[in-house]
Amino acid sequence: MSKLVIVGTVAFDAIETPFGKTDKILGGAATFIGLAASQFNIDVAAVSVVGGDFPQEYLDLLSSRNINIDGLEIVKEGKTFFWSGKYHNDMNSRDTLATELNVLADFNPVVPDSFKNAEFVILGNLHPLVQLSVLEQMQQKPKLVVLDTMNFWMDCALEDLKKVISKVDVITINDEEARQLSGEYSLVVAARKIHEMGPKYVVIKKGEHGALLFHKGHVFFAPALPLEEVFDPTGAGDTFAGGFIGYLANTDDISFENMKNAIIYGSTLASFCVEKFGTERMIHLSQDEIYKRLKQFKNLTQFDIALT
């Protein structure tokens, strides 16, 4: 089986949407990526840090999903990273109410020895130097490295971000971030500029409007599955990324054609994530449900047209 290293936050979230609100619940990029990737027949390891306040039941949950947590550092005297946000009625925009770095402020990731030869690595949204330190721990160049980042690092650590971007194969960012990083409004031109920074593949996420995949002048677009209601968008982008790299690791095929399939799998899993608060929907997701929704995606996107 292929090995996948996931680096990112394991955290507490407190979320408010038009449908309700939560107290502190399980969240974090590595959590959502891991739960999505664990749907595939691969070896998954999460590298992150939590405080002594992190419940054993959450650790057990990750382990029960066959997510290796040897690289999950527990700082007993510290507190776990916490984020709180409130979504607007359109569910596309939100206000951050609180961000408490806590133990994440001094996080130095340590990849478990048994995963230093992993073929696949995904670098969740963290400081670029933290992401870079993970790549430096790998015994050999992974078959595929996927990077996620955000506009915050473009604002305050752009040169460090460019260093790590130059060393990855795939970058996943949203449309706003692609425009900021490239300085271009057209997403086609933006993707070309980002290609020139190093990545062979650029994935631009457009939320409810789907995702674009760019590679050497080729473009693939996958819509988001239309849903009756979006309950909580938190973690949808990370779930998409986890499904994307999980599928690639499972098939051990990183061709452009197979990445199209990976985009569909990522979009499918993300469509489940938004149906409940936090990780609740992903925890109770079955393979049968995934298969049925994949068929919905196929019916949504497949058509015959007579070219005259």
Side-chain angles (χ1 to χ4, degrees), residues 8-9 11-29 31-33 35-36 82-100 124-125 148-155 171-182 184-188 190-191 202-213 219-244 263-283 285 289 293 296-297 300-301:
T9 53
F12 291 135
D13 290 340
I15 303 159
E16 183 175 348
T17 78
F19 298 99
K21 61 190 298 185
T22 72
D23 293 322
K24 285 185 178 181
I25 58 174
L26 177 62
T31 304
F32 284 104
I33 294 170
L35 290 173
F82 171 68
W83 175 84
S84 175
K86 180 178 181 178
Y87 287 89
H88 299 176
N89 286 335
D90 64 2
M91 300 295 273
N92 288 320
S93 53
R94 70 188 184 193
D95 297 322
T96 294
L97 304 179
T99 302
E100 298 172 11
N125 176 30
D148 187 31
T149 191
M150 66 181 299
N151 48 12
F152 178 78
W153 305 118
M154 297 172 199
D155 292 335
I171 183 170
T172 68
I173 50 179
N174 67 32
D175 45 1
E176 177 189 354
E177 293 157 351
R179 291 179 171 120
Q180 179 175 343
L181 182 59
S182 65
E184 299 286 348
Y185 185 80
S186 162
L187 294 180
V188 175
V202 177
V203 177
I204 299 179
K205 299 172 290 185
K206 293 170 61 65
E208 65 176 328
H209 303 297
L212 289 155
L213 169 66
V219 186
F220 174 71
F221 170 73
L225 190 71
L227 300 171
E228 287 192 15
E229 62 182 25
V230 174
F231 200 83
D232 173 19
T234 309
D238 294 314
T239 300
F240 168 87
F244 175 80
I263 291 280
I264 296 297
Y265 264 85
S267 297
T268 298
L269 290 172
S271 74
F272 287 109
C273 177
V274 301
E275 292 181 337
K276 297 283 186 180
F277 271 126
T279 60
E280 184 181 349
R281 189 66 176 92
M282 299 306 296
I283 289 168
L285 187 57
E289 288 176 310
R293 191 154 291 184
Q296 285 182 263
F297 252 105
L300 175 70
T301 58

A.B. asks: If you look at every heavy atom in Ala224 and Phe297, which pair is closest and at what distance?
C.D. replies: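 Closest pair (atom of Ala224, atom of Phe297, distance): C-CZ, 4.3 Å.
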A.B. asks: With rounding to the nearest 0.5 Å, note down the distance linking NZ in Lys24 to CD1 in Ile15.
C.D. replies: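 Reported value, rounded in 0.5 Å steps: 13.5 Å.
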A.B. asks: Could you give the distance from OG1 (Thr31) to CD1 (Ile283), rounded to the nearest 0.5 Å?
C.D. replies: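 Interatomic distance, Thr31 OG1 to Ile283 CD1, rounded to 0.5 Å: 9.5 Å.
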A.B. asks: Under 3.5 Å, is there a donor-acceptor pair between the side chain of Asn174 and the main chain of Glu177?
C.D. replies: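 Answer holds: yes.
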A.B. asks: Is it true that, when you exclude Asn89 itself, more than 12 heavy atoms of the residues, nucleotides or ligands shown sit nearer than 6.0 Å to its CG?
C.D. replies: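 It does not: Asn89 CG has 12 such atoms or fewer within range.
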A.B. asks: Can you name the nearest heavy-atom pair linking Asp148 to Thr172, along with the distance?
C.D. replies: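 Distance-wise, the nearest heavy atoms are OD1-O, 2.7 Å.
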A.B. asks: Write down the atom of Phe19, the atom of Val230, and the distance for their closest heavy-atom approach.
C.D. replies: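 Where Phe19 meets Val230 most closely, the heavy atoms are CE1-O, 3.0 Å.
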A.B. asks: Looking at Arg293 and Glu275, does any basic side-chain N land under 4.0 Å from a carboxylate oxygen?
C.D. replies: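 Judged by the 4.0 Å cut-off on N to carboxylate O distance, Arg293 and Glu275 do form a salt bridge.
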A.B. asks: Does Arg281 count as lying over the ring of Phe272, i.e. NZ or CZ under 6.0 Å from the six-ring centre, within 45 degrees of the axis?
C.D. replies: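 So Arg281 doesn't make the cation-pi contact.
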A.B. asks: Check this for me: does any side-chain nitrogen of one of Arg94 and Asp232 sit under 4.0 Å from a carboxylate oxygen of the other?
C.D. replies: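 No salt bridge links Arg94 with Asp232.
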A.B. asks: Would you say that Phe240 contacts Ser267 through its side chain, given a criterion of any heavy-atom pair below 4.5 Å between the two side chains?
C.D. replies: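 With C-beta onward as the side chain, the pair touches.
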A.B. asks: Should the pair Phe277 and Phe231 be assigned to parallel (<30°), tilted (30 to 60°) or perpendicular (>60°) ring geometry?
C.D. replies: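 Correct class here is perpendicular.
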A.B. asks: For Asp95, I'd like to know if atom CG has over 12 heavy atoms of other residues, nucleotides or ligands within 6.0 Å.
C.D. replies: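 Yes - once you tally the heavy atoms of other residues, nucleotides and ligands closer than 6.0 Å, there are more than 12.
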A.B. asks: Are any of the side-chain heavy atoms of Trp153 and Asn125 separated by less than 4.5 Å?
C.D. replies: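 Yes; the side chains approach each other to less than 4.5 Å.
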A.B. asks: Could you check whether Tyr265 and Phe244 have their ring centres less than 6.0 Å apart?
C.D. replies: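 No.
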A.B. asks: With a 4.5 Å heavy-atom cut-off, do Ser182 and Leu187 have their side chains touching?
C.D. replies: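 Result no, sub-4.5 Å side-chain heavy-atom pair not found.
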A.B. asks: Quick check: do Val203 and Ile263 have side-chain heavy atoms less than 4.5 Å from each other?
C.D. replies: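 When only atoms from C-beta onward are counted, Ile263 and Val203 do touch, with a gap below 4.5 Å.
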A.B. asks: With rounding to the nearest 0.5 Å, note down the distance linking CG in Leu269 to CG in Leu35.
C.D. replies: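 The CG atom of Leu269 sits 10.5 Å away from the CG atom of Leu35.
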A.B. asks: Tell me whether Thr96 contacts the main-chain N or O of Gly85 through its side chain, where contact means a donor paired with an acceptor under 3.5 Å.
C.D. replies: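 The answer is no, because no donor-acceptor pair under 3.5 Å joins these two groups.
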A.B. asks: Given the side-chain rings of Phe12 and Phe82, with only the six-membered ring counted for Trp, is the space between their centroids under 6.0 Å?
C.D. replies: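 Distance test on ring centres: not under 6.0 Å, no.
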A.B. asks: Locate the shortest heavy-atom distance separating Ser271 from Leu227; write the atom from each residue and the value.
C.D. replies: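 Looking at all heavy atoms of both residues, the closest pair is O-CD1, 3.6 Å.
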A.B. asks: Treating Ser84 as the side-chain partner and Ala14 as the backbone partner, does any N or O pair qualify as donor plus acceptor under 3.5 Å?
C.D. replies: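 Such a contact is found between Ser84 side chain and Ala14 backbone.
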A.B. asks: Nearest 0.5 Å, please: how far is CG in Asp238 from CD1 in Ile33?
C.D. replies: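 Interatomic distance, Ile33 CD1 to Asp238 CG, rounded to 0.5 Å: 4.5 Å.
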A.B. asks: About how many Å separate CE of Met282 and SG of Cys273, when rounded to the nearest 0.5 Å?
C.D. replies: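 CE of Met282 is found 6.0 Å from SG of Cys273.
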A.B. asks: For residues Thr268 and Leu225, determine if any side-chain heavy atom of one lies less than 4.5 Å from a side-chain heavy atom of the other.
C.D. replies: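 Not in contact.
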A.B. asks: Might you point out which heavy atoms bring Ala191 and Ile204 nearest each other, and give the distance in Å?
C.D. replies: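 Smallest interatomic distance, heavy atoms only, reads CB-CD1, 4.5 Å.
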A.B. asks: Please report the shortest heavy-atom distance between Gly27 and Phe32, naming the atom on each side.
C.D. replies: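 Shortest heavy-atom separation between Gly27 and Phe32 comes out as CA-CE1, 4.0 Å.
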A.B. asks: Any side-chain heavy atom of Thr279 within less than 4.5 Å of one from Ile25?
C.D. replies: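 No - every pair of side-chain heavy atoms lies 4.5 Å or more apart.
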A.B. asks: CG/Leu181 to CE/Met150 distance, rounded to the nearest 0.5 angstrom?
C.D. replies: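 The distance works out to 13.5 Å.
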A.B. asks: Is there a side-chain contact between Asp175 and Lys205, using heavy atoms and a 4.5 Å cut-off?
C.D. replies: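 Heavy-atom side-chain distance check fails, nothing below 4.5 Å.
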